[in-house]
Each structure stands twice: as C-alpha cells, then as structure tokens.
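The block underneath contains the structure these notes are about, expressed in structure tokens.
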There are 2 protein chains.
Amino acid sequence: MPTSAPQPPARRRGGRRGGDADTRGDILRAAREHFAQGYEATSVRAVARAADVDPSLIVQFFGGKDGLFKAVLDEAVQPDEGVGRVLADDGGTDLGQRLAAYFFGMWEDPARRHPFQAMLVSAASNEAAATVLREFVRGEVIARIGAMIEGDDAELRAELAGSQLIGAALVRYVYRIPPLCDAPLSDVVGRVGRAVQSHLAG
Amino acid sequence: MPTSAPQPPARRRGGRRGGDADTRGDILRAAREHFAQGYEATSVRAVARAADVDPSLIVQFFGGKDGLFKAVLDEAVQPDEGVGRVLADDGGTDLGQRLAAYFFGMWEDPARRHPFQAMLVSAASNEAAATVLREFVRGEVIARIGAMIEGDDAELRAELAGSQLIGAALVRYVYRIPPLCDAPLSDVVGRVGRAVQSHLAG
C-alpha cells in the first residue's frame, strides 16, 4: 500500500498520461492477459510494462498485485452489476436458473473466462491466490446470494450452489470431458440450474 | 512401452530386487509423493531414484509417466474395488449418498487425497495430465455409474453428479472456503449426496 497521498500520475517515455479512465482500462486489460498465465507468473512490473505505465501507478490504483487480481476478478464476475442484477430480477425463471445462465455466460466469453479460470488454477496451489479467491467468493458472491434466501444455513447452501457451478464449469470448459463439454449450453444451464435451485431452496 | 518381453528385474547398488509386489508398492508410494507436487514436476527418473529401482522397471510395469499417473489415480480412487462396491451395495441409503460418502472419505485420507488433488490442479494447465484425467473419469467412473442408471442421458447425468462432487471437494478441501470447509463431514455428505442423487435420478 502507498504510504503517501496519491501523486499526479507519472509520465513515461511515450508521454502516456496516467490516472484517467483509459489508463485504468489499459492496466486491467494487460493484467487480465498476464493473470491468465497464472497468478505466480504475474508481476506488477510486467503488467506496468505491458500497459506502458509506471509500476507506482498500479500500486496507487490497486494497492498491489492482490488488489490488481481482485480488480480483474471484479471485472470478470461483475458482482455488483451482473450478479446484483441476476439477484434482483425475479421475473419468469427461478434464481437457480438465472445464476446458472449468468455463470455459464461468463465462461462462454473468453475475456471473462480466462482470469476466472486462472484464479481457480492458481488458488489450488498458491496461498496468496487462495486468499484472494476466498475473500472474493465469500464477500462478493456467497454473502449476496445467502442474503436472498432463508434459514440459518443460508450461506452454506449458497456455497454448495456455487460449488455445483464451479464443478460443472471446470468439467465442461477446463477438463473438457464428454459428454458434458459437448452438450448444448441451454441444456447444461437447465440441468445445473435445477441443482443450484435445489441447494438454494434447501 | 517396452518392445521386448519383460526381462528379469535389474538389480541396483543396494541389491534391491525388482519385480515383486513390494517393489511395485515402493514405486507407487514414491510416485504418489512426487505427483502430489504436480504432474509436470514429476519424472520417471526421479520416481525411480526415490524407489531405488531402475527407471526401465517403471516403464516395464507401467508403460511410462502417464501409466504411472493412472496407477496412482487407480490406487487413490479404487474404481474396481471401492466404486464397484459402492455401486453394488443397494442396501439402506441411495446411490447419491453412498457415492458422496465414498468420495469425501477419499478426500479425508491425505494419502489418497493428494494425488487426486494434484491431478485436478495439473489437468487444468497441462494437456497430458488432462488427457489422463479425461480417460480415467470417463472410462473408470462415469461409464460405471452411467451403466447403473436409466435413460439416454445417463452418462451426462453421471458426469453432472461427478461435477458436483468435484466442485464441493475443491471448495472444502483445496480452497477451504467457510462455511463449507468447517461443516461436519456427515452434514456435507448428506447435502451433497442429495444433489448427486437428484442428478442420477434425472
């Protein structure tokens, strides 16, 4: 974490201005590509070089590597806008179906899928990545979903629903085991959505 | 694969005999420890050194690194004895409960859990490990379970059931996200078993 107040953004050789929305977007784009290669393999310095900014700007914006990873996850999962909208909309289909459709929609989009996949892989062998994943899943996802359902065990049921989503996505998109990896998306969403809904309904 | 017929086992400096059941067990024990560090990080040569046998003996017994990995998985999952027994026993509880109890029992035993966990991690980033996982899960697990249930989509339902087991185990044992990682084993088996049974029942 920076100890001083934010300074005017540093300029680099190309004369690129730091600190505006485009710069933040450039850093996130570069970070997404780097983290897709794994958490350990990514450094703030390498992301700064790819985005053509000073590393101190990344520290200023995101606090460091963990904060940058969290920002990439936020961008992929969109817990506020995306998950929030799924939770708020109660018209037509049940919550299990809506969550499954939203989650698999994210996996179908490579730009959102790759950082999430990198997180799942990295967190299985790297404790720093596991800590980011744990805080993200608990704070941003389980807490929101758990608050929508009833019962003392609401968080446990929300987490089991999430474990079904993660397991099915791994088998379909990462391990690519037939027949799940070849089944039509709508069929998978329907089946997984029913399992998710069963957990949520308790 | 060896092109000649099996030869009498080679002796190494310590005078250890090759080729008997103890030697095979020693190789598997060494392989289990090495593969727990990851598929890529493991070599036939290093396992041979740890087991104090000639590398050619591992090729003779297991065909090479992939075959050795498969043998370690067989030993952890025990698809013949373990899963076969779970499938055959229809007394008392339903298949979903029995499969969940068997699967989480495996994860509770570090000697069986570590190679399985290493496989899940390695297969997410290494195509050779993914191929072994894919063939193992399809050939040894999904085919057996799919054959026990009815319907044209039996294999897809068996795989979705497996995806629930894998997802819940990852969240509980690898990512260790509360409250699932702190919940009593019997509670987890009961809840996950019901989800597995729903998939199997269709």
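Please read all numbers here as calculations on a predicted model, not as lab measurements.
- No other option in A:Ala123, A:Ala195, A:Ala158 has as many heavy-atom pairs under 4.5 Å with chain B as A:Ala123.
- Put simply, of B:Gly162, B:Ala124, B:Ala118, the one with the most heavy-atom pairs under 4.5 Å next to chain A is B:Ala124.
- When each of B:Val174, B:Ile142, B:Leu156, B:Val137 is scored by its heavy-atom pairs under 4.5 Å with chain A, the top score falls to B:Leu156.
- Closest of all the heavy-atom pairs between B:Arg191 and A:His199 is O-CE1, 4.1 Å.
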Using the side-chain contact (heavy atoms from CB on, under 4.5 Å) rule, take B:Leu170 and A:Leu170 through it: C-alpha gap first, then chi angles, then the decisive distance, then the call. CA-CA 11 Å; B:Leu170 278 174; A:Leu170 278 174; 3.2 Å; yes
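- Atom CD of A:Glu81 sits in a crowded spot, with more than 12 heavy atoms from other residues, nucleotides or ligands closer than 6.0 Å.
- Under the 4.5 Å side-chain criterion, counting only non-hydrogen atoms from C-beta, B:Arg138 is in contact with A:Pro178.
- Across all non-hydrogen atoms, the minimal contact from A:Glu159 to B:Ile177 is OE2-O, 2.6 Å.
- Of the two parts of B:Leu165, neither the backbone nor the side chain holds a non-hydrogen atom closer than 4.5 Å to a non-hydrogen atom of chain A.
- Between chain B and the options A:Ile166, A:Asp153, A:Asp182, A:Thr131, heavy-atom pairs under 4.5 Å are most frequent for A:Asp153.
- Heavy atoms of B:Asp187 lying under 4.5 Å from chain A belong exclusively to its side chain.
- Electrostatic pairing of B:Glu127 and A:Arg176 counts as a salt bridge here, judged by a charged N lying under 4.0 Å from a carboxylate O.
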Could you walk me through whether A:Ser198 and B:Arg194 satisfy the side-chain contact (heavy atoms from CB on, under 4.5 Å) test, starting with their C-alpha distance in whole Å, then the side-chain angles of each, then the deciding distance to 0.1 Å, before giving a yes or no? CA-CA 9 Å; A:Ser198 293; B:Arg194 280 192 289 280; over 6 Å; no
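- The shortest heavy-atom contact between B:Val121 and A:Tyr175 is N-OH, 4.4 Å.
- Of the two parts of B:Leu180, the backbone and the side chain both hold a non-hydrogen atom closer than 4.5 Å to a non-hydrogen atom of chain A.
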